[in-house]
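What follows is a single structure, written as structure tokens, with notes after it.
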There are 2 protein chains.
Amino acid sequence: MTVEEKDGAIVGLIATLEHASNAQARFEIMYSTLRDRISMLVYHPGMRLSEEALAAEFGVSRSPLRKALKILEADGLLRSAHGVGTIVTDVDIDKLGQVYQLRMELNELVGKLMPRTPDRDVQSLFETMRRRAEDLQREPSLDGFARLNIDFFHAFQSLTENEPLKEVSEKLFYQTCRIWLTLVPADNLANEVAVFCSEVIGIVNAVRIGDIKAAALLRRAHLSMGYTRLQDYARTGV
Amino acid sequence: MTVEEKDGAIVGLIATLEHASNAQARFEIMYSTLRDRISMLVYHPGMRLSEEALAAEFGVSRSPLRKALKILEADGLLRSAHGVGTIVTDVDIDKLGQVYQLRMELNELVGKLMPRTPDRDVQSLFETMRRRAEDLQREPSLDGFARLNIDFFHAFQSLTENEPLKEVSEKLFYQTCRIWLTLVPADNLANEVAVFCSEVIGIVNAVRIGDIKAAALLRRAHLSMGYTRLQDYARTGV
DNA sequence: TCGTAAACAGTTGTGTACAAATATATCCGT
DNA sequence: ACGGATATATTTGTACACAACTGTTTACGA
């Protein structure tokens, strides 16, 4: 699904870009690659990115790269400062509270607005998520946690057919998902992973019997509890 | 509030841009000006815009102008086609149904998520809206209707302090507000204006007594009825 | 007269040079 | 040695030239 799953890493990325047919395809690759790196904290908050370096890596000039950066800026993930650089935005637990409130409501809407009866493909997708959750629980890792969090979000998105809702939810998700990587303390990772995996498995079970509404309510509940735990981490961490 | 309210129209616009201190300010002017023109059907759906002509009008080169166009493209208001031009997107009543469903839910959230107790400024803003609604009802016009619709939306936005909710609502509003200008038949304009003005006045009354939740529910109800009428116009119009 | 292909005009996409702005380093005076 | 001003390096913002692409027109042949 994501671009990262390539063999030769950076080399493979440029190769992919070279063969990208049109401008839109090249943009999508650059955009999702950068967004993924920001979300996975490869580019950590406060880090300065160089347009020239990124353009060189992608094998293009600054012009098309800047388009991707501008959209990421509109998404709230980057911030450009003239004469300084392109800076990865900070994630502030307090400001993110508003986003979390909204995300909770939106997740409930997944069950209300055009819920989609899961077909065979969706079911197998969620079964894959269950398997990955079980694997992760056996061998917890921060990266695996973050990756499954992202992929499970996209799987959950397929439960509604309301396109605007999906777009809006996606934008808000990427504004918040980094917070876990910055706040969860290493000594509590296994516990946090276990909670998350039980959430995944619970929702997979709801999807299996076709109860999208229940899946949405479960997700909303877990989102709420997750935010509470994040606040605790932020308090004790400081 | 909007940029259009200048004396010398285009000349004034360039003058404003010349004096804009930084790049962000210049971007905001170009962005909101173009969005307003699209929303007011100065640029009608299907119309082709020329980057060069727009850049000349704003007194800048294509580079900074393109940033505004790219964001408007991400907003779903424009579409760029290589070798063809920059085209104003169509408004399709069926596809907009999903947006309307979402907008209804989001409007209700205004009353649930961080509703703001109206201060003196907000109250006077809504009183202005009431006066403009009364004026419009006395002398109905399509442009006046569209303008008040946009301005009243922004006024309503000030009733919540949840910034992400405001951003999301704004994006969705501008995806839908053009539909009225394209669908309302001229022979029913006075009637439609009357309905809209009564909505405005009703919500102003709710705000006056400080009942934001009621204002939000009223707005949601009117949004729902409005969408139903739009569907009727679309059916009888075709 | 019609169909087809080639030339043309016009548009967005990309590369590149330079301007504007900022952070850092350097130098000088006290 | 320290403060401050100045020079320098680095970065994003802008302008412009050209490449890539598309729709239209025109010319040519059947």
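Any value given below was found using the heavy atoms of this structure, including those in side chains, with hydrogens, waters and symmetry copies removed. Just so we're on the same page: letters track the sequence lines, and every chain starts at 1.
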Check your understanding: If you measure only the distance, is there a donor-acceptor pair under 3.5 Å linking the side chains of B:Asp36 and B:Tyr174?
Key -> no
Exercise for review: Please determine if B:Arg66 and B:Glu51 form a salt bridge, counting it only when a charged side-chain N lies under 4.0 Å from a carboxylate O.
Suggested key: yes
Point to revise | Interatomic spacing from CD in A:Gln175 to CG in A:Leu102 - rounded to 0.5 Å | key: 9.5 Å
Exercise for review: State which residues pass salt bridge (charged side-chain N to carboxylate O under 4.0 Å, His left out) with A:Glu73; sequence neighbours excluded, sorted by chain then number.
Suggested key: A:Lys70
Check your understanding: Got a sec? Which of residues 41-52 of chain B come in under 4.0 Å of DNA chain D, heavy atoms?
Key -> none
Exercise for review: Please list, in 5' to 3' order, the outermost nucleotides of DNA chain C lying under 4.0 Å from any heavy atom of chain B.
Suggested key: C:dG10 to C:dT14
**Study point:** Residue-level proximity of residues 82-89 of chain A to DNA chain C when a heavy atom falls under 4.0 Å
**Key:** A:His82, A:Gly83, A:Val84
Exercise for review: Could you verify whether a donor N or O on one side chain and an acceptor N or O on the other, from B:Tyr227 and B:Asp232, lie under 3.5 Å apart?
Suggested key: no
Study note, to complete from the structure: So side chain to side chain donor-acceptor pair (under 3.5 Å) across residues 90-104 of chain A, not counting sequence neighbours, yields A:Tyr100-A:Trp180, A:Arg103-A:Thr176
Review point. Can you name the side chain to side chain contact (heavy atoms under 4.5 Å, CB included) partners of B:Arg132, sequence neighbours left out?
Key: B:Thr128, B:Met129, B:Arg147, B:Leu148, B:Asp151
Review point. Contact boundaries of DNA chain D with chain A (under 4.0 Å, heavy atoms), 5' to 3'?
Key: D:dT11 to D:dT14
Check your understanding: Is there a donor-acceptor pair closer than 3.5 Å between any side-chain N or O of A:Ser141 and the backbone N or O of A:Leu136?
Key -> no
Point to revise | Within residues 64-77 of chain A, residues whose heavy atoms come under 4.0 Å of DNA chain C | key: A:Pro64
Review point. Which residues satisfy the side chain to side chain contact (heavy atoms under 4.5 Å, CB included) test with A:Leu181, sequence neighbours excluded?
Key: A:Leu41, A:Leu142, A:Ala146
Review point. Counting only N and O atoms by type, is there a donor-acceptor contact under 3.5 Å from the side chain of A:Asp119 to the main-chain atoms of A:Asp121?
Key: yes
Exercise for review: Name the nucleic acid region contacted by A:Ser80, choosing base, sugar-phosphate or nothing; use a 4.0 angstrom heavy-atom cut-off, strictly under.
Suggested key: sugar-phosphate
Practice item. Using side chain to side chain contact (heavy atoms under 4.5 Å, CB included) as the criterion, list what pairs up with B:Glu161, not counting sequence neighbours. Key: B:Met114, B:Arg116
Review point. For A:Ser63, what residues pass the side chain to side chain contact (heavy atoms under 4.5 Å, CB included) criterion, not counting sequence neighbours?
Key: A:Ser61
Review point. Under the 3.5 angstrom rule, does the side chain of B:Thr160 hit a backbone N or O of B:Leu113 as a donor-acceptor pair?
Key: yes
Study note, to complete from the structure: Residues passing the ring pair (Phe, Tyr, Trp, His ring centres under 6.0 Å) test with B:Tyr43, sequence neighbours excluded, are none
Review point. How about A:Arg178 and A:Thr89: does a side-chain donor come under 3.5 Å of a side-chain acceptor?
Key: yes
